[in-house]
There are 2 protein chains.
Amino acid sequence: MAGTANKKQSRIQTENRSLILTAALNVFSTDGYRGATLERIAERAGMSKTNVLYYFPSKEEIYHTALEQTVEGWLEPFSEISAQGDPVEELRRYISLKLQMSAEQPEASRLFANEVQRGAPLMLDFLKTRLKSLVDEKAAVIREWIDQGKLAPVDPYHLIFMIWATTQHYADFDTQIVAILGDQSKQKGFQEQTAHAVLSIILNGIRPR
Amino acid sequence: MAGTANKKQSRIQTENRSLILTAALNVFSTDGYRGATLERIAERAGMSKTNVLYYFPSKEEIYHTALEQTVEGWLEPFSEISAQGDPVEELRRYISLKLQMSAEQPEASRLFANEVQRGAPLMLDFLKTRLKSLVDEKAAVIREWIDQGKLAPVDPYHLIFMIWATTQHYADFDTQIVAILGDQSKQKGFQEQTAHAVLSIILNGIRPR
DNA sequence: GTCTATATCCGGATAGAC
DNA sequence: GTCTATCCGGATATAGAC
């Protein structure tokens, strides 16, 4: 039986699987799981529908694989927030990184958002275990910073939610932002301008006074 | 007005249309336009599939009507931000209201989010015209407040985006929040706690220093 | 490995009885 | 106004030729 991703694969196999996953990320992220069709994924990947099903056993498997990939990249920067660093600097770095990810991989952000909005059927367990642990851990770090007087007293969980909400908004609501701001949102300086504004408000908001 | 061709309707007609729209909001908001089925909407509305199509000509019409309703309620509080009021108080009121809406009508928020995330096929024109005008107008108000030294100098558009992102996050990512915070997020005090944290960070972030 | 059928199912929409 | 029956298009997945 066609095994999972870890079997030995020919060059053409890994290449085509990668093509499919890239196309799938694009289609799933805008149309959602049910709205997406194999036809469109195949088209984007530059191969036939049946060929797509040769490399993956089913539509759901494609979705699942794409989702797993994005989640991995999602956790990493968050887990790197260090209790040893300077609080404001640590958060500045994390927020900047997250904004950059939204700008460079908006589709990954939307795929994740879409999954959560439908009730996270494939990810609920992950959210309740690994993610919860990690958030609890980082919330404790933030609370310690507050106790040490290095940050204004604010609920750590809501701070984390706010950072996620704000940074991901630039990917998930890109259509709305472009509609409102026009071309400027697609030009070079926009990313820096965004980072400056977001960092300014959040960091000011949590600086001890 | 508002485009709804309000023919005379019997009691049972208005009642059933309302039942359908409520069910539709629920289903569309989680499954998206394409993922939703008339079958599920009918089931939720407590009537047969064919009967649903007796009251609405098509699936798209149901979606369109539900979307229009939510957008109306969406604009109103924003348009009420007044240049005459105290800046911090005006924003506090708006943010609080928006948080309340997220808590009380999470489905409306998700329906809107879903539509934007798929590229806003039915709403792009609205976003580029009415919404853009309104945002430009309110951004000018905020800029004036800044010029008068009543707020810290921050890009008004990004401030607005941040408020939207943060407040809507509590509706759109409810699944994730519940997974992380557990039962407490469904208990009484949670809404106040959220409002306090969000207001504290944002208002501190934009207070002149 | 890739293609051309094709089986099968599901969802939206219509027709017509009551 | 509501129901049963049905049509039709589209979508996933499979079979089998090349």
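Just so we're on the same page: letters track the sequence lines, and every chain starts at 1.
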N/O contacts under 3.5 Å, protein versus nucleotides 5-7 of chain C?
none

Degree of bending, the helix from C:dG1-D:dC18 to C:dC18-D:dG1 (end axes from five pairs; round to 10°) | 0°

B:S29 side chain vs B:R110 backbone, donor-acceptor pair below 3.5 Å = no

Under 3.5 Å, sequence neighbours excluded: what are the donor-acceptor pairs made by side chains of residues 40-52 of chain B?
from  : atom 1 : to    : atom 2 : distance (Å)
B:R40 : NH1    : B:D31 : OD2    : 2.9
B:R44 : NE     : B:N26 : OD1    : 3.4
B:S48 : OG     : B:T50 : OG1    : 3.3
B:S48 : OG     : B:N51 : N      : 3.2

Here the side-chain hydrogen bond (donor to acceptor under 3.5 Å, both in side chains) pairs for residues 179-192 of chain B, sequence neighbours left out, are B:D174-B:K186

Side-chain donor or acceptor of B:E15 paired with backbone N/O of B:I12 under 3.5 Å = no

State whether the side chain of B:K59 and the backbone N or O of B:A36 hold a donor-acceptor pair below 3.5 Å, judged by distance alone.
-> yes

Does anything in residues 24-37 of chain B reach DNA chain C, meaning a heavy atom under 4.0 Å, and if so which residues?
-> B:A36, B:T37

Can you tell me if B:T14 uses its side chain to pair, donor with acceptor, with the backbone of B:S10 under 3.5 Å?
-> yes

Any residue meeting ring pair (Phe, Tyr, Trp, His ring centres under 6.0 Å) with A:Y63, in chain and number order, not counting sequence neighbours = A:F28, A:Y33

Give me the first and last nucleotide of DNA chain D, going 5' to 3', that has any atom under 4.0 Å from a heavy atom of chain B.
-> D:dG1 to D:dA11

B:L53 near the nucleic acid: base, sugar-phosphate alone, or nothing, with a heavy-atom cut-off under 4.0 Å?
-> base

Check: A:S79 side chain, A:E76 main-chain N or O, donor-acceptor pair, under 3.5 Å = yes

Taking only residues at least two apart or on different chains, which pairs with a member in residues 124-134 of chain A satisfy side-chain hydrogen bond (donor to acceptor under 3.5 Å, both in side chains)?
-> A:K132-A:D136

ring-ring contact (aromatic ring centres under 6.0 Å, His included): which pairs involve residues 98-145 of chain B, sequence neighbours left out?
-> B:W74-B:F112

Mind jotting down which residue pairs meet the side-chain hydrogen bond (donor to acceptor under 3.5 Å, both in side chains) criterion with at least one end in residues 86-96 of chain B? Sequence neighbours excluded, please.
-> B:E89-B:R92, B:E90-B:R93, B:Y94-B:W164

Any salt bridge (Lys or Arg N to Asp or Glu O under 4.0 Å) involving residues 95-105 of chain A? Give me the pairs, sequence neighbours left out, ordered by first then second residue.
-> none

B:A113: partners by side-chain contact (heavy atoms from CB on, under 4.5 Å), with sequence neighbours left out = A:Q117, A:F173, B:Q117, B:D172

How is A:Y55 classified with respect to the nucleic acid when contacts are heavy atoms under 4.0 Å: base, sugar-phosphate, or nothing?
-> sugar-phosphate

